[in-house]
Amino acid sequence: MVVIKPFYLQIWFIILAGLVFLAAGFFILRWRTASLERTQAKLEAEVARQTATIRQQSEELKALDEFKNRFFANVSHELRTPLTLILGPIGTLINSGELSKSSMNMLKLAQTNAQSLLKLVSSILDLSKIEADEMKIHEKPQALFPFMRRLASNFESHAQHLGINYLFEYRADKNLQLNLDAERLETIINNLLSNAMKFTPKGGTVSIQIDDLGHFIRIAVEDTGKGILPDDLPHVFDRFFQSKAHDSSHEGGTGIGLTLCKELAQLMGGNISVTSEWQKGSRFILEIPRKEVLGSMVAVDQEPVDSLSHTVSGPEEKSAQGDQGFYFW
Ligand code: ADP
């Protein structure tokens with residue numbers, strides 16, 4: 001008979017206990033790992049589900065946004081055509097000289113309002129096009145001085161009517177000819193001038209200043225109007241922004257004019273910024289690339305020098321002006 005000594009029994013017991021302990025540890029670890037893997041799989045499934053939901057929601061939002069843009073673009077386009085057709089006969093009647101004074105006044109009122117509506121509708125259409133990436137810049141050689149004179153002159157009678165001093169300061173070569181999108185530039189300048197007149201009281205001053213900076217042409221529209229509150233200043237180019245300053249609501253507007261200006265300026269490769277002091281005035285600065293066109297011949301509008309106060313300075317004209325209104329280089 002084999003007698004196991006108590007000492008060996010103890011050793012066997014310790015080994016057995018160790019093995020049991022190891023086996024238990026192993027099974028517990030496997031169970032824990034399996035449970036962690038199950039939790040991880042569940043979490044991954046949840047993340048995948050939520051990602052799919054977010055992707056679907058963002059696609060729905062994008063589709064909704066595109067639908068909204070298309071809707072705005074279509075409605076604006078449909079409104080623009082009849083408005084243009086209304087303005088045509090009104091203009092013809094006004095120019096006919098066959099109207100009594102009261103009929104003339106009524107028609108001019110209709111014309112002003114139809115023009116405001118057309119301007120608003122065009123702005124909405126332009127913004128929708130920019131959002132849909134469909135706005136294209138069409139650059140053509142343009143003689144800067146007569147072009148800017150014409151844009152500034154369009155506001156002359158408005159300034160007179162409001163009792164505002166209006167200045168045109170041109171400090172660049174009078175013969176400078178640039179490649180630019182005249183229509184878009186006109187939209188920007190019209191918005192800036194119309195805002196400057198809107199926010200400047202009787203007796204105040206609005207000026208448009210054109211400077212040649214070398215690589216850029218700077219067009220500044222400055223006014224001595226009510227200015228912009230410091231808190232509002234960073235937001236004036238935001239879509240639909242209108243100042244909450246006390247009497248702003250009386251001035252009307254939609255808050256899209258400056259957004260459009262910024263977008264168009266950037267599309268043209270330029271930029272627009274503003275400085276302002278509350279109750280003192282504002283200065284909007286547009287900078288567009290100076291893409292000079294040299295060695296070509298371009299018909300230049302013959303702008304009569306009218307009553308608009310203006311200063312012109314700059315380098316001597318570098319060419320002779322032809323009889324037909326052409327500049328030669
Ligand atoms: P709108 O004039 O149609 O409200 P804009 O985008 O042209 O929209 O202008 C946004 C806001 O910026 C205006 O409501 C006004 O508060 C402020 N603003 C713009 N131009 C001037 C200015 N020349 N002087 C003072 N405030 C201005």
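Keep in mind that the numbers below use all heavy atoms, side chains included, and drop hydrogens, waters and symmetry copies. Whatever order the structure lists ligands and atoms in, that order sets their numbers, starting from 1.
At least one N/O-N/O distance between Lys198 and ligand 1 falls below 3.5 Å. Every N/O-N/O distance between Val236 and ligand 1 stays at or above 3.5 Å. In terms of N/O distances under 3.5 Å, ligand 1 is approached by Gln242.
The heavy atom nearest to atom 16 (O) of ligand 1, out of those in Ser123, Ser243, Ser276, Gly257, is found in Ser243.
For Phe284, the closest heavy-atom approach to ligand 1 falls below 4.0 Å. Residue contacts with ligand 1 include Ser282, since one or more of its heavy atoms lies under 4.0 Å from the ligand. Using a non-hydrogen distance threshold of 4.0 Å, Asn191 does not register as a contact of ligand 1.
Using a 4.0 Å cut-off between charged side-chain N and carboxylate O, Glu78 and Arg80 make no salt bridge. Salt-bridge formation is detected for the pair Glu222/Arg283: a Lys NZ or Arg NE/NH1/NH2 atom is positioned less than 4.0 Å from an Asp or Glu carboxylate oxygen. With respect to the salt-bridge test (charged N to carboxylate O, under 4.0 angstrom), the residues Glu44 and Arg49 do not qualify.
Contact of the Ser194 side chain with the Lys119 side chain is registered, since non-hydrogen atoms from C-beta on lie closer than 4.5 Å.
The 12-atom threshold is exceeded at NZ of Lys68, counting heavy atoms of other residues, nucleotides or ligands nearer than 6.0 Å.
Between His235 and Phe241, the ring planes are tilted. Angles from 30° to 60° get that label. Between Phe168 and Phe145, the angle of the ring planes lies from 30° to 60°, which puts this pair in the tilted group.
With ligand atoms numbered from 1 in the order given, ligand 1 contributes 25 (C), 26 (N), 27 (C) to contacts under 4.0 Å with heavy atoms of Ile228.
When heavy-atom distances to ligand 1 are checked against a 4.0 Å cut-off, Asp223 comes that close only through its side chain, counted from C-beta outward.
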